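For reference, the structure is listed below as structure tokens.
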Amino acid sequence: SGEVWRLADGRWERIGGSGVRGSWNPKTTHLVTSMIVHRDRLLVGYNCQACPQRDGRMGNVWSWDGKRWSELSLPAIGGEASLVANQRSFNDFAVCQGQLFVGGGRASPAGHAVVWLLDEARDFWRPSASGARSFRENEYVYSMIVHGQDLIVGFKGAAGTGQVWRLRR
């Protein structure tokens, strides 16, 4: 589990996972849940419920430059930064008005869902909206899409519930 493969010249090649080309190699079960191309890099988010987050830095998001992987385990700042330790699943990315968003959270208990924005100029993650505290009743972000100028986010809530939110830009 937790691998990325590419098809080139009619052949499959594993390019990520299990430490291949400097990629992730957690000792626990994990799986790749999202991918996006942003600024000529392939970004991968994965779900690893048992992976610890370290020192206020977000893990489980990796960047591929075509040759090697690097972890985007940048620090998180802002009101929801305390939830970094509970960010275990990154199920979707979106680029809205040139900015990269990733949805995080943790399955059970509810209360850990956050939509993060990558501040590329200063190398840190921050919550995407001041209303992020409202997302806390959800477990994690399940999907995201851009509609017009707005970011639409689908959440997995507690006990089989779900919510859809719109972030107006």
Side-chain angles (χ1 to χ4, degrees), residues 1-6 15-18 23-26 28-39 41-54 57-64 69-76 78 80-120 124-129 131-147 150-167 169:
S1 65
E3 297 178 347
V4 175
W5 291 71
R6 74 173 162 197
I15 61 169
S18 302
S23 64
W24 53 96
N25 194 17
T28 59
T29 302
H30 59 284
L31 55 113
V32 172
T33 53
S34 57
M35 293 187 283
I36 192 170
V37 174
H38 179 65
R39 304 212 195 285
R41 291 179 164 259
L42 172 64
L43 302 179
V44 170
Y46 66 87
N47 179 325
C48 186
Q49 296 298 315
C51 293
Q53 305 298 343
R54 56 197 187 282
R57 300 172 79 80
M58 287 208 317
N60 305 0
V61 179
W62 288 73
S63 173
W64 166 256
W69 291 94
S70 58
E71 188 175 12
L72 287 179
S73 64
L74 301 170
E80 304 301 299
S82 64
L83 292 177
V84 167
N86 289 303
Q87 299 297 289
R88 299 287 197 263
S89 181
F90 294 94
N91 292 335
D92 209 358
F93 292 97
V95 176
C96 185
Q97 297 184 11
Q99 295 185 297
L100 177 69
F101 295 84
V102 64
R106 177 181 188 163
S108 187
H112 304 290
V114 180
V115 178
W116 297 94
L117 170 64
L118 178 60
D119 186 321
E120 295 176 88
F124 61 75
W125 294 98
R126 67 175 175 81
S128 63
R133 283 179 176 38
S134 302
F135 301 155
R136 284 196 176 175
E137 61 195 70
N138 295 293
E139 292 179 1
Y140 53 84
V141 172
Y142 191 79
S143 60
M144 296 191 296
I145 192 168
V146 176
H147 182 266
D150 300 337
L151 180 64
I152 310 298
V153 182
F155 290 92
K156 195 277 185 196
T161 65
Q163 294 184 5
V164 177
W165 286 71
R166 175 174 62 186
L167 175 63
R169 299 296 298 160

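Values in this document were obtained by computation on a predicted structure and should not be read as measured data.
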Contacts of type side-chain hydrogen bond (donor to acceptor under 3.5 Å, both in side chains), residue Q99, not counting sequence neighbours: R169

side-chain hydrogen bond (donor to acceptor under 3.5 Å, both in side chains) partners for S23, two or more places apart: none

Given side chains that start at C-beta, do those of [X] and [Y] come closer than 4.5 Å, heavy atoms only?
X: V32; Y: E3; value: no
X: L167; Y: V153; value: no
X: F90; Y: L43; value: no
X: V44; Y: V4; value: yes
X: M35; Y: L42; value: yes

Measure from the side-chain N and O atoms of [X] to the backbone N and O of [Y], and report whether any donor-acceptor pair falls under 3.5 Å.
X: S89; Y: R106; value: no
X: D92; Y: G103; value: no
X: Q163; Y: E137; value: no
X: S128; Y: L117; value: no
X: E139; Y: K156; value: no

Reported OH-to-CZ distance for the pair Y140 and F155, which is rounded to 0.5 angstrom: 12.5 Å

Approximate separation, where rounding is to 0.5 Å, of F93 CZ and M144 CE: 8.0 Å

Partners passing ring pair (Phe, Tyr, Trp, His ring centres under 6.0 Å) against W64 (at least two apart in sequence or in another chain): W69

Side chain to side chain contact (heavy atoms under 4.5 Å, CB included) involving L74 - partner list, sequence neighbours excluded: L118, D123, W125

Qualifying residues under side chain to side chain contact (heavy atoms under 4.5 Å, CB included), relative to T33, sequence neighbours excluded: L31, N47, N91

Aromatic contact, W24 with Y46 (centres under 6.0 Å): yes

Looking only at heavy atoms, which two atoms of [X] and [Y] are closest? And how far apart?
X: V84; Y: A76; value: CG2-CB, 3.2 Å
X: S63; Y: L72; value: CB-CG, 4.2 Å
X: N25; Y: S18; value: OD1-CA, 3.5 Å

Steps toward side chain to side chain contact (heavy atoms under 4.5 Å, CB included) verdict (F101, C96): CA-CA 8 Å; F101 295 84; C96 185; 3.7 Å; yes

Contacts of R41 that satisfy salt bridge (Lys or Arg N to Asp or Glu O under 4.0 Å) - sequence neighbours left out: none

Other residues, nucleotides, ligands: >12 heavy atoms within 6.0 Å of Y142 OH: no

Criterion side chain to side chain contact (heavy atoms under 4.5 Å, CB included) on Q87 and V114, from CA distance to verdict: CA-CA 8 Å; Q87 299 297 289; V114 180; 4.1 Å; yes

Pair H38, E120: side-chain N/O donor-acceptor within cut-off below 3.5 Å: yes

Derivation and outcome, side chain to side chain contact (heavy atoms under 4.5 Å, CB included), residues V115 and L151: CA-CA 10 Å; V115 178; L151 180 64; 4.2 Å; yes

